[in-house]
Amino acid sequence: MKVPLLDLKGQYQSIKKEIDEAVQSVVDSQYFIMGPDVAKLEEEICKYLNCKYAIGVSSGTDALLLALMALDIQPGDEVIVPAYSFFATAGVVARLNAVPVFVDVDPVTFNIDTKQIEKKITNKTKAIIPVHLYGQSAGMDEIILIAEKYSLFVVEDAAQAIGTQYKDGKFAGTIGDIGCFSFFPSKNLGGFGDGGIVTTNNPELEHKMRIMRVHGMEPKYYHKIIGGNFRLDSLQAAVLRVKLPHLDSWSEKRRLNAALYTKYFIEAGLSQATGKISFDANNKVLLPEAVYQNDVHKNHHIYNQFVIRVEKRNELWNFMKKKEIGCEVYYPVPFHRQECFAYLNCVDSEFPVSNDAAENSLALPIYPELTNEQIKYVVDSIAEFMRS
Ligand SMILES: *Cc1c(COP(=O)(O)O)cnc(C)c1O
């Protein structure tokens with residue numbers, strides 16, 4: 001049985017007619033830049049996330065870059081980021097000649113370890129970028145308290161977390177000063193190319209980001225500040241508007257798939273419970289859990305990725321390739337070990353959890369169209385590997 005990591009064709013087939021019509025209507029209008037679909041998508045995203053403002057942008061990376069530019073992050077300013085995330089989270093900081101300061105992650109959620117943030121704050125620290133990794137919210141209560149105490153901005157990297165709710169029901173990306181989302185095709189809400197959106201409840205930041213999206217221009221051809229070309233295409237907005245009403249049901253299906261994986265792993269004797277952090281004879285597979293640290297409240301996890309941990313990860317990954325099961329490693333190299341950040345002279349031993357995660361994490365297929373039989377086959381294959 002073949003199980004791809006992602007099956008975007010299946011999703012397209014299920015909404016083909018609506019998508020084709022939406023794309024054709026943009027083509028007919030020939031209104032490709034900042035057409036009416038962009039403004040409508042922004043309104044619909046505000047309604048969906050229950051926030052005041054949303055500005056469609058060219059990618060999740062540009063969403064983060066625009067956010068930091070609007071907050072006036074300057075060369076030499078320090079910005080705190082988790083050591084374990086997709087590159088963009090730290091890359092945008094360095095692109096502004098600011099300094100990314102890495103904090104290790106929590107062993108259950110892989111999100112920034114909030115207990116370790118304060119010791120990294122200096123008088124140059126300007127902002128914190130928590131990442132809601134794999135679709136689960138970081139510990140926003142603790143982060144907001146720290147940000148208030150030291151007057152720092154909070155930019156949420158919610159690229160993997162559109163529809164994720166923090167424990168009290170607030171949407172990820174609407175809790176800090178600015179939220180950054182990606183519409184990369186593999187995210188829960190994916191376009192037909194690159195795209196992203198920034199959200200905020202602050203009218204000044206909204207205005208600044210809106211004009212910085214078009215080179216800081218206001219009125220036309222007059223520039224008081226410098227921005228860039230951070231626009232979202234009309235075609236992408238049209239596609240995303242068709243997909244948005246389906247997002248919750250797709251994420252719900254991902255959650256059901258995660259629950260099925262958990263059930264099958266436990267039945268196979270490979271795991272006793274979710275959220276375990278050390279391997280033993282009864283826990284050869286460590287399963288993700290939708291909680292934040294020791295909090296009793298459950299997070300609403302949308303499982304952009306379902307990431308397990310195993311001791312012989314590379315061997316298992318090769319085995320899965322032979323079985324035609326698509327798996328991926330998010331991410332094999334934490335920031336403090338990236339060549340491009342060697343100049344930061346990080347101390348490797350400060351990041352034991354990130355280092356472990358890079359060595360033993362493996363993302364399994366979790367997309368909504370996955371069948372129960374495919375999930376069972378994935379777990380059976382892992383069980384077969386563990387017996388060999
Ligand atoms: C995908 C992603 C981004 C970047 O989004 P793009 O749209 O690919 O530029 C940033 N941060 C995280 C955590 C991501 O997963």
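Residues take their numbers from the sequence shown, with the count starting at 1.
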For [X], enumerate each residue passing the side chain to side chain contact (heavy atoms under 4.5 Å, CB included) test, keeping only those at least two apart in sequence or located in another chain.
{"X": "Asn229", "result": "His215, Arg231"}
{"X": "Gln165", "result": "Phe171, His300"}
{"X": "Lys149", "result": "Glu118"}
{"X": "Asp28", "result": "Gln24"}

- Salt-bridge present (Glu252, Arg255; N to O < 4.0 Å): yes
- Message: What I want to find out is whether Glu21 reaches Lys17 closely enough, with some N-O distance under 4.0 Å, to be called a salt bridge.
- Response: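 Here Glu21 pairs with Lys17 in a salt bridge, since their nearest N and O are under 4.0 Å apart.
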Ring pair (Phe, Tyr, Trp, His ring centres under 6.0 Å) partners for [X], two or more places apart:
{"X": "Tyr134", "value": "Phe110"}
{"X": "Tyr303", "value": "His301, Phe306"}
{"X": "Phe32", "value": "none"}
{"X": "Tyr264", "value": "none"}

Kindly write out the residues that satisfy salt bridge (charged side-chain N to carboxylate O under 4.0 Å, His left out) with [X], not counting sequence neighbours, or none if the list is empty.
{"X": "Arg241", "value": "Asp37, Glu44"}
{"X": "Lys284", "value": "none"}
{"X": "Glu18", "value": "none"}

- Report the residue from Leu41, Asp194, Asn188 that forms a side-chain contact (heavy atoms from CB on, under 4.5 Å) with Phe183.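 By the side-chain contact (heavy atoms from CB on, under 4.5 Å) criterion, Phe183 pairs with just one of Leu41, Asp194, Asn188: Leu41.
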Does one side chain, of [X] or [Y], offer a donor that lies under 3.5 Å from an acceptor on the other?
{"X": "Asn202", "Y": "Asp177", "answer": "no"}
{"X": "Asn360", "Y": "Arg309", "answer": "yes"}
{"X": "Asn111", "Y": "Asp106", "answer": "no"}
{"X": "His246", "Y": "Gln11", "answer": "no"}

- Message: Would you say that Met140 contacts Glu156 through its side chain, given a criterion of any heavy-atom pair below 4.5 Å between the two side chains?
- Response: yes
N/O donor-acceptor pairs under 3.5 Å from side chains in residues 92-105, not counting sequence neighbours:
from	atom 1	to	atom 2	distance (Å)
Asp104	OD1	Ser354	N	2.9
Asp104	OD1	Ser354	OG	2.6
Asp104	OD2	Val353	N	2.9

- Could you go step by step and tell me if Ile19 and Phe192 meet the side-chain contact (heavy atoms from CB on, under 4.5 Å) rule? CA-CA 10 Å; Ile19 293 268; Phe192 285 4; 3.6 Å; yes
- For the hydrophobic clusters of this structure (ILVMFWY residues joined by side-chain heavy atoms under 4.5 Å, transitively), does one cluster hold both Ile197 and Val154?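 Cluster IDs for Ile197 and Val154 differ.
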- Can you tell me how far OG of Ser271 sits from CG of Asp280, rounded to the nearest 0.5 angstrom?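 One finds 9.0 Å between CG of Asp280 and OG of Ser271.
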- Look up atom OH in Tyr31 and atom OG in Ser234, then write down how far apart they are to the nearest 0.5 Å. 7.5 Å
- Item | Residue pair Leu49, Phe181: steps toward the side-chain contact (heavy atoms from CB on, under 4.5 Å) verdict | CA-CA 11 Å; Leu49 293 176; Phe181 297 85; 3.6 Å; yes
